[in-house]
Structures are given as structure tokens and as C-alpha cells.
Amino acid sequence: MDPLYIVDAFSAAAGQYSRDKETGSNGGLLGTLVPQGYCRAPELDKACFEVPLGEISGPIESGHGYHLILVTERINCQKIDGEFNKITRGGEGGSETVFVRDSKIGSSDAIVRLAFQQIGFWIAATFSGAIVAEVAAKAANVLDKLPWE
């Protein structure tokens, strides 16, 4: 038997053995980059932020039954994951797990880009608001003429 990529093996097992109709049919996926507090069972939620990236952990008992967890992507957990935040398929035949650092997620470039987007938005909103206020004042006959007339 050929080795399987860990996510494929986990998904196949979830589809075959899970009693949860919602996640079992979805390969056991709880969500993608979900915030802490998202899981319906506190035990699962806690485990999602304690389990090492790319390792199957469990069984974890909750009020809903027993669970296995595989974290495939996570941000802002450097104490657990080190420099990596994602696992992907790699190696010959695509059966190996490769740990990667996704530069689009959590990078300082993304933070700087977001900051500039926010600054640009607020500058545009301020100028647009000023123009709308002047047009409204003209319509209400508060101004005799607009500055650009």
C-alpha cells in the first residue's frame, strides 16, 4: 500500500467513521482559520490551539463524543508551530507532509498593506464626506455657490 498524505488519510477516516453528519461528510473539517471560541465543544476549541501543527491528536472527549484533531493551518501560534503556519502536500507522489510558512498570512508586509489600505480609505471617506456636505449645503441654500463653481 502506498503512503497517504496525512490530510487525505484523516479525511477518509472521518468520512468512514465519524458520526457527525456535518463534519464527517466534509472530511472532518471544522472550518478554515476559525477564531478561538468557534468550536461548539470547549474541549475541542482548547485542543485546536494546543495541538501541534500537522499531528493527529486525541481522542478528546467532549459532550458530543470522542474526537481526533488534525490542525493543517493556523496563525499567531509561534510557541506551538515555530515559524510554520501551514502543512501542504509534498514529496514524490504527494504523500509527504511539508511544513511551510505562508507569507500571505500574518506577515509584516500584509500588516503594512492593510494599514495603507485603511489610511487610503479614511482619506477618501473624509474628502467624499466634505464634498457631499458642500453639495447638501448648496441644495439647502446655505451656500450661494460651491467652491469649484
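Here the structure is a predicted model, which means the values were calculated and not measured. Residue numbers start at 1 and run along the sequence shown.
Following chains of ILVMFWY side-chain contacts shorter than 4.5 Å, one can reach Ile60 starting from Leu53, so the two form part of one hydrophobic cluster. Cluster annotation: Val51 and Ile6 are assigned to the same hydrophobic cluster (Ile/Leu/Val/Met/Phe/Trp/Tyr, side-chain heavy-atom contacts under 4.5 Å, transitive). Both Leu68 and Val71 belong to a single network of hydrophobic side chains, linked directly or stepwise wherever heavy atoms of I, L, V, M, F, W or Y lie under 4.5 Å apart. Follow the hydrophobic side-chain contacts under 4.5 Å out from Ile56 and you reach Ile87 in the same cluster. Cluster membership for Leu44 and Leu29, using ILVMFWY side-chain heavy atoms within less than 4.5 angstrom, is not shared.
The nearest pair of heavy atoms linking Ala41 to Ser62 is CB-CB, 3.7 Å. Closest approach of Ala47 to Ile69, counting heavy atoms only: CB-CD1, 3.4 Å. Looking at every heavy atom in both residues, Val98 comes nearest to Gly91 through CG2-N, 4.5 Å.
Between the NE2 atom of His67 and the OG atom of Ser57 there is a distance of 12.5 Å, given to the nearest 0.5 Å. Within the model, atoms OH of Tyr66 and CZ of Arg19 stand 11.0 Å from one another, a figure rounded to the nearest 0.5 Å. One distance of note links OG1 of Thr88 with CZ of Phe99; it measures 9.5 Å at 0.5 Å rounding. Put simply, CG on Leu70 and CD on Glu55 are 9.5 Å apart, with the number rounded to the nearest 0.5 Å. Expressed to the nearest 0.5 Å, how far OG1 of Thr72 lies from NZ of Lys86 amounts to 9.0 Å.
Proximity of Arg89 to Val7: side-chain heavy atoms (C-beta onward) are nowhere separated by under 4.5 Å.
Atom OH of Tyr38 is surrounded by 12 or fewer heavy atoms from other residues, nucleotides or ligands within 6.0 Å.
Between the side chain of Arg74 and the backbone N or O of Cys48, at least one donor-acceptor pair lies under 3.5 Å.
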